[in-house]
Amino acid sequence: MFAKRERVSDAYNLKMLFKNAGDLIAGIIFFILLIIIINIPTTGFIGYMLFILFGFGPVLNFFLAIAIVFNIALTGHYMAQLHYDILQYDK
């Protein structure tokens, strides 16, 4: 949906980015804290249990790959939401 409505070059509009820099920094710091809060109990605990049960192997590698893909998808969604909430401007 983001690619259909917006242009990629809008992400490099420095005037708009510097105008809203405080809100962006606060949003990114909140997102980093959110990722830490989500990953410690889920990925940390489950990954540790899989390591204890199976050691380094295909089960742990599969779980870590899924966790990384989930975090990348979450980051993309949150950054697009920041664009809609904070960097909204009239065209």
Side-chain angles (χ1 to χ4, degrees):
M1 179 187 292
F2 180 78
K4 290 180 184 176
R5 294 184 182 175
E6 303 294 332
R7 294 186 313 249
V8 175
S9 62
D10 289 341
Y12 301 104
N13 187 347
L14 293 179
K15 180 181 176 186
M16 180 179 54
L17 290 175
F18 287 134
K19 180 179 149 192
N20 298 313
D23 293 335
L24 285 174
I25 290 172
I28 290 172
I29 289 172
F30 175 75
F31 176 70
I32 291 170
L33 292 174
L34 183 68
I35 284 287
I36 291 171
I37 290 170
I38 290 171
N39 280 331
I40 286 175
T42 57
T43 307
F45 177 73
I46 296 171
Y48 179 72
M49 293 304 294
L50 289 174
F51 172 72
I52 293 298
L53 292 174
F54 302 108
F56 285 113
V59 176
L60 183 63
N61 289 340
F62 177 76
F63 174 74
L64 293 177
I66 295 297
I68 290 170
V69 168
F70 173 76
N71 284 328
I72 291 172
L74 182 67
T75 302
H77 173 73
Y78 190 80
M79 292 302 156
Q81 191 65 37
L82 272 181
H83 175 79
Y84 286 126
D85 292 344
I86 295 174
L87 298 179
Q88 201 57 258
Y89 62 96
D90 296 328
K91 292 186 179 184

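In this text, all values refer to a predicted model and were calculated from it rather than measured experimentally.
- Cluster annotation: I29 and L24 are assigned to distinct hydrophobic clusters (Ile/Leu/Val/Met/Phe/Trp/Tyr, side-chain heavy-atom contacts under 4.5 Å, transitive).
- Looking only at side-chain heavy atoms (C-beta outward), F51 and F63 stay at 4.5 Å or farther from each other.
- Between atom CE of residue M79 and atom CG of residue L74 there is a gap of 9.5 Å, rounded to the nearest 0.5 Å.
- In this structure, Y48 is not a member of the same hydrophobic cluster as F70, with clusters built from ILVMFWY side-chain heavy atoms closer than 4.5 Å.
- Rounded to the nearest 0.5 angstrom, Y78 OH and I35 CD1 are separated by 10.0 Å.
- When all heavy atoms are compared, the tightest approach of I36 to P41 is O-CD, 4.5 Å.
- At a threshold of 4.5 Å between side-chain heavy atoms, the hydrophobic network of Ile, Leu, Val, Met, Phe, Trp and Tyr places L50 and I40 in two separate groups.
- The shortest non-hydrogen separation linking T75 to F31 is OG1-CZ, 3.3 Å.
- Put simply, CG on L34 and CG on N39 are 9.5 Å apart, with the number rounded to the nearest 0.5 Å.
- Linking Ile, Leu, Val, Met, Phe, Trp and Tyr whenever their side-chain heavy atoms come within less than 4.5 Å puts I32 and L82 in one cluster.
- Put simply, L53 and I46 are part of the same group of oily side chains (I, L, V, M, F, W, Y) that touch within less than 4.5 Å, one to the next.
- Of all non-hydrogen atoms in I38 and T42, the two that sit nearest each other are O-OG1, 2.6 Å.
- Here the options are L64, L60, I66, V59, the test is side chain to side chain contact (heavy atoms under 4.5 Å, CB included), and the partner is F62; only I66 passes.
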